[in-house]
Visitor: 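I am attaching a structure below and will ask some questions about it afterwards.
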Amino acid sequence: MKMGTLRLCSCYSRRGIAATWNNVLGYSEVTAPIVSHHKRRLASTEAGAAAGSQLQVELANASGMVGFWQTLSISTPVAYMQEALTQIHDFSGLPWWASIVASTFLFRGVVTLPLTIYQHKITARIEKIALEMPAIVEELKREAAMAKHKFKWSDKQTQVVYRRSIKKQWQKLIVRDNCHPMKTLIVLWGQIPLWIFQSVALRNLVYMLPDPTTLKAQIITTEMTIGGFGWIPNLTVVDHSYILPVALGLINLGIIELQSMSRTRPATRLQNIINNVFRGLSIVMIPVACTVPSALCVYWVASSSFGLAQNLFLLSPEVRRAVGIPKTKAELEQPYDQLWLKIQQRTGLVESGAEHKSTDKN
């Protein structure tokens with residue numbers, strides 16, 4: 001009886017559902033016996049929901065969802081994200097899978113895309129001031145040599161003063177162009193919280209959290225059971241075909257390789273270590289994605305797809321000029337042709353020397 005009522009309610013908007021329940025619960029003399037019977041059924045339903053809630057709490061505690069994660073699940077940012085996802089679904093009229101994709105593109109377009117553009121601007125400014133340093137270094141070397149001779153400094157004293165002078169000049173250039181290197185991490189400050197909050201919010205929607213006794217939570221979960229597509233009609237269960245988890249891993253690996261191939265300078269040891277760490281994390285995410293509801297997989301794949309498209313989009317010199325990113329020597333002149341050439345080289349379709357020949361012709 002309960003599931004039948006939920007499936008019926010899921011066909012209507014939540015405002016219509018509220019109106020329907022108000023009409024059913026009208027306290028007229030004619031409907032008093034019906035209302036009395038309904039109250040008994042409602043009390044029984046609430047008791048069942050309370051028992052289900054207690055069971056979910058016990059299961060959550062047994063699975064380790066205590067402390068930090070439980071606090072995160074009921075936190076204010078997650079609650080706002082939950083409400084935003086619900087409102088986008090209600091007003092768009094899209095099925096839940098399309099609503100998740102649309103909200104992901106919306107949030108990333110509003111939050112992470114501007115931050116990524118700002119990060120590229122900071123990186124370009126740092127590269128430009130780095131070009132000014134060789135002349136400054138040469139001048140400081142001459143001044144240090146003169147000071148050593150004039151004040152009878154030892155080699156150690158001279159080196160200390162010389163290094164301090166270089167650091168001071170570098171800091172002046174950073175302040176002048178407002179491009180502190182720590183600002184290059186600004187994307188992580190926005191992207192990681194967004195990813196966590198939206199992931200936890202979707203998990204809450206799937207499992208009727210934080211309050212499984214509410215009609216709204218029950219209706220949303222019911223809608224998600226029929227809100228999928230293709231091979232995953234039910235978004236509350238895992239993707240048993242493993243298509244989405246594998247796609248997630250491949251897209252994340254594609255982002256890492258794209259960033260690696262778009263560099264014009266040889267990677268440093270630290271960059272190689274970081275790339276390998278992220279490659280490993282991309283592979284680890286595949287089995288993780290195999291254990292979560294498909295709603296989360298849809299979100300993760302949509303978010304990674306946006307990230308890949310964003311990186312490709314910002315490789316274009318025309319796009320970079322349009323959004324105000326300064327031109328630098330490290331910028332690729334023909335990014336997509338050069339990227340395709342590097343892909344062919346990695347797959348063995350073209351010899352490594354072809355890149356240098358192509359560069360000489362240009």
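Below, all heavy atoms of this structure are taken into account, side chains as well, without hydrogens, waters or symmetry copies.
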Visitor: To the nearest 0.5 angstrom, please state how far the CZ atom of Phe306 sits from the CG atom of Leu113.
Guide: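 If we round to the nearest 0.5 Å, Phe306:CZ and Leu113:CG are 5.0 Å apart.
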Visitor: Does Gln119 use its side chain to pair, donor to acceptor, with the backbone of Val187 at less than 3.5 Å?
Guide: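 Looks like no, no N/O pair under 3.5 Å.
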Visitor: Does the side chain of Glu143 come under 3.5 Å of the side chain of Ser165 through a donor N or O and an acceptor N or O?
Guide: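 Per modelled atom types, Glu143 and Ser165 side chains form no pair under 3.5 Å.
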Visitor: Can you check side-chain contact (heavy atoms from CB on, under 4.5 Å) on Gln82 and Leu205, steps first, answer last?
Guide: CA-CA 7 Å; Gln82 241 176 287; Leu205 293 176; 3.7 Å; yes
Visitor: How far does CG of Leu339 sit from CD of Gln344, to the nearest 0.5 angstrom?
Guide: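 The distance works out to 10.5 Å.
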Visitor: Measure the shortest side-chain to side-chain distance between Gln157 and Phe151 over non-hydrogen atoms and say whether it is less than 4.5 angstrom.
Guide: no
Visitor: When Gln169 is tested against each of Ile174, Ile129, Leu140 for side-chain contact (heavy atoms from CB on, under 4.5 Å), which residue passes?
Guide: Leu140
Visitor: Nearest 0.5 angstrom please: Ser303 OG to Ile251 CD1, how far?
Guide: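 Between Ser303 OG and Ile251 CD1, I get 10.0 Å after rounding to 0.5 Å.
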Visitor: Taking the side chain as every heavy atom from C-beta outward, state whether Gln159 and Asp155 have any atom pair closer than 4.5 Å.
Guide: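 Sidechains of Asp155 and Gln159: no contact.
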Visitor: Enter the distance from Ile126:CD1 to Lys183:NZ here, rounded to the nearest 0.5 Å.
Guide: 9.5 Å
Visitor: Can you name the closest pair of heavy atoms from Leu209 and Arg203 and give their distance?
Guide: CD1-NH1, 3.7 Å
Visitor: Using a 3.5 Å distance criterion without hydrogens, assess whether the side chain of Lys128 forms a donor-acceptor pair with backbone atoms of Lys327.
Guide: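 The answer is yes, because a donor-acceptor pair under 3.5 Å joins these two groups.
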Visitor: Do Leu173 and Leu131 sit in one hydrophobic cluster, given that two such residues count as connected whenever their side-chain heavy atoms are within less than 4.5 Å of each other, even indirectly?
Guide: no
Visitor: Kindly work out whether a path of hydrophobic side-chain contacts (I/L/V/M/F/W/Y, heavy atoms less than 4.5 Å apart) joins Tyr207 to Met224.
Guide: yes
Visitor: Are a donor atom and an acceptor atom from the side chains of Thr328 and Glu127 found within less than 3.5 Å of each other?
Guide: yes
Visitor: Could you tell me whether the side chains of Asn276 and Arg279 share a donor-acceptor contact shorter than 3.5 Å?
Guide: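 The criterion, which ignores hydrogens and geometry beyond distance, is satisfied for Arg279 and Asn276.
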Visitor: Of the non-hydrogen atoms in Pro134 and Ala130, which two are nearest, and what is the gap between them?
Guide: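 Looking at all heavy atoms of both residues, the closest pair is CD-O, 3.3 Å.
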Visitor: Would you say that more than 12 heavy atoms from the other residues, nucleotides or ligands in this model lie under 6.0 Å from the CZ of Arg176, or not?
Guide: yes
Visitor: Is there a donor-acceptor pair under 3.5 Å between the side chain of Asp177 and the backbone N or O of Cys179?
Guide: no
Visitor: I need the Ile325 CD1 to Ile122 CD1 distance, nearest 0.5 Å.
Guide: 11.0 Å
Visitor: What heavy-atom pair brings Leu235 and Val206 nearest, and what distance separates the two atoms?
Guide: O-CG2, 4.4 Å
Visitor: Mind listing the closest non-hydrogen atom pair of Asp239 and Pro245 along with its distance?
Guide: OD2-CD, 3.7 Å
Visitor: Hey, does Gln259 have a side-chain heavy atom less than 4.5 Å from the side chain of Asn311?
Guide: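 They are in side-chain contact.
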Visitor: Run the side chain to side chain donor-acceptor pair (under 3.5 Å) test on Ser73 and Asn204 for me, step by step, so that the C-alpha distance in whole Å, both residues' side-chain angles and the decisive distance to 0.1 Å come before the verdict.
Guide: CA-CA 7 Å; Ser73 179; Asn204 283 359; 2.8 Å; yes
Visitor: If you define the side chain from C-beta out and look only at heavy atoms, does anything of Phe107 sit under 4.5 Å from Leu85?
Guide: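 They are in side-chain contact.
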Visitor: Of the non-hydrogen atoms in Met81 and Leu194, which two are nearest, and what is the gap between them?
Guide: CE-CD1, 3.7 Å
Visitor: Do Trp97 and Ser294 have a side chain donor and acceptor closer than 3.5 Å?
Guide: no
Visitor: Do Ile286 and Leu248 make a side-chain contact, defined as non-hydrogen atoms from C-beta onward lying under 4.5 Å apart?
Guide: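 Ile286 does not reach Leu248 side chain to side chain.
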Visitor: Between Ile220 and Trp96, is the side-chain contact (heavy atoms from CB on, under 4.5 Å) condition met? List the steps.
Guide: CA-CA 9 Å; Ile220 292 174; Trp96 264 106; 3.7 Å; yes
Visitor: Check Lys342 with Glu257, please: is the shortest side-chain N to carboxylate O separation under 4.0 Å?
Guide: no
Visitor: Grouping I, L, V, M, F, W and Y whenever their side-chain heavy atoms are under 4.5 Å apart, do Ile192 and Ile274 come out in a common cluster?
Guide: no
Visitor: Step through it carefully: locate the ring centre of Trp231, locate the ring centre of Phe229, and say whether they are under 6.0 Å apart.
Guide: yes
Visitor: Taking atom CD of Gln338 and atom CD of Gln345, what is their separation to the nearest 0.5 Å?
Guide: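 Going from the CD atom of Gln338 to the CD atom of Gln345 covers 10.5 Å.
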Visitor: Is there a side-chain contact between Leu253 and Phe278, using heavy atoms and a 4.5 Å cut-off?
Guide: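 With C-beta onward as the side chain, the pair stays apart.
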Visitor: Does the pair Glu331 and Arg320 meet the rule for a side-chain contact (heavy atoms from CB on, under 4.5 Å), with working shown?
Guide: CA-CA 10 Å; Glu331 183 179 297; Arg320 294 172 70 86; 3.1 Å; yes
Visitor: Can Asn252 and Ser304 be said to form a side chain to side chain donor-acceptor pair (under 3.5 Å), step by step?
Guide: CA-CA 6 Å; Asn252 286 336; Ser304 295; 2.8 Å; yes
Visitor: On a heavy-atom basis, which atom in Cys297 and which in Val292 lie closest, and how many Å separate them?
Guide: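 Nearest pair, atom of Cys297 first, then Val292: SG-CG2, 4.0 Å.
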Visitor: Trp189 and Val110: same hydrophobic cluster, using ILVMFWY side-chain contacts below 4.5 Å?
Guide: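 They do share one cluster, since a chain of ILVMFWY contacts under 4.5 Å joins Trp189 to Val110.
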Visitor: Does atom CZ of Phe105 have more than 12 heavy-atom neighbours, drawn from other residues, nucleotides or ligands, at distances under 6.0 Å?
Guide: yes
Visitor: Any chance you could lay out the side-chain contact (heavy atoms from CB on, under 4.5 Å) test for Ser316 and Tyr336, step after step, and finish with the verdict?
Guide: CA-CA 8 Å; Ser316 170; Tyr336 304 116; 3.5 Å; yes
Visitor: Does any part of the side chain of Pro317, heavy atoms only, come nearer than 4.5 Å to the side chain of Pro335, both counted from C-beta?
Guide: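 Sidechains of Pro317 and Pro335: in contact.
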Visitor: Does any part of the side chain of Gln191, heavy atoms only, come nearer than 4.5 Å to the side chain of Leu115, both counted from C-beta?
Guide: no
Visitor: Other residues, nucleotides and ligands only: do more than 12 of their heavy atoms fall within 6.0 Å of CZ on Arg164?
Guide: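 No, the 6.0 Å shell around CZ holds no more than 12 heavy atoms from other groups.
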Visitor: Within the distance-only criterion (no hydrogens, no angle test), does the side chain of Ser99 pair as donor or acceptor with the backbone N or O of Pro95 below 3.5 angstrom?
Guide: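 Checking the backbone N and O of Pro95 against the side chain of Ser99, no donor-acceptor pair under 3.5 Å is found.
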Visitor: Are Leu202 and Val101 connected into the same hydrophobic cluster when the rule is that any two of I, L, V, M, F, W, Y join if their side-chain heavy atoms are below 4.5 Å apart?
Guide: yes
Visitor: Using side-chain contact (heavy atoms from CB on, under 4.5 Å) as the criterion, point out the one residue from Leu244, Val237, Val238 that pairs with Ile232.
Guide: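 The side-chain contact (heavy atoms from CB on, under 4.5 Å) with Ile232 is passed solely by Leu244 among Leu244, Val237, Val238.
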Visitor: Between Glu132 and Lys172, is the salt bridge (Lys or Arg N to Asp or Glu O under 4.0 Å) condition met? List the steps.
Guide: CA-CA 12 Å; Glu132 300 181 34; Lys172 282 184 178 180; over 6 Å; no
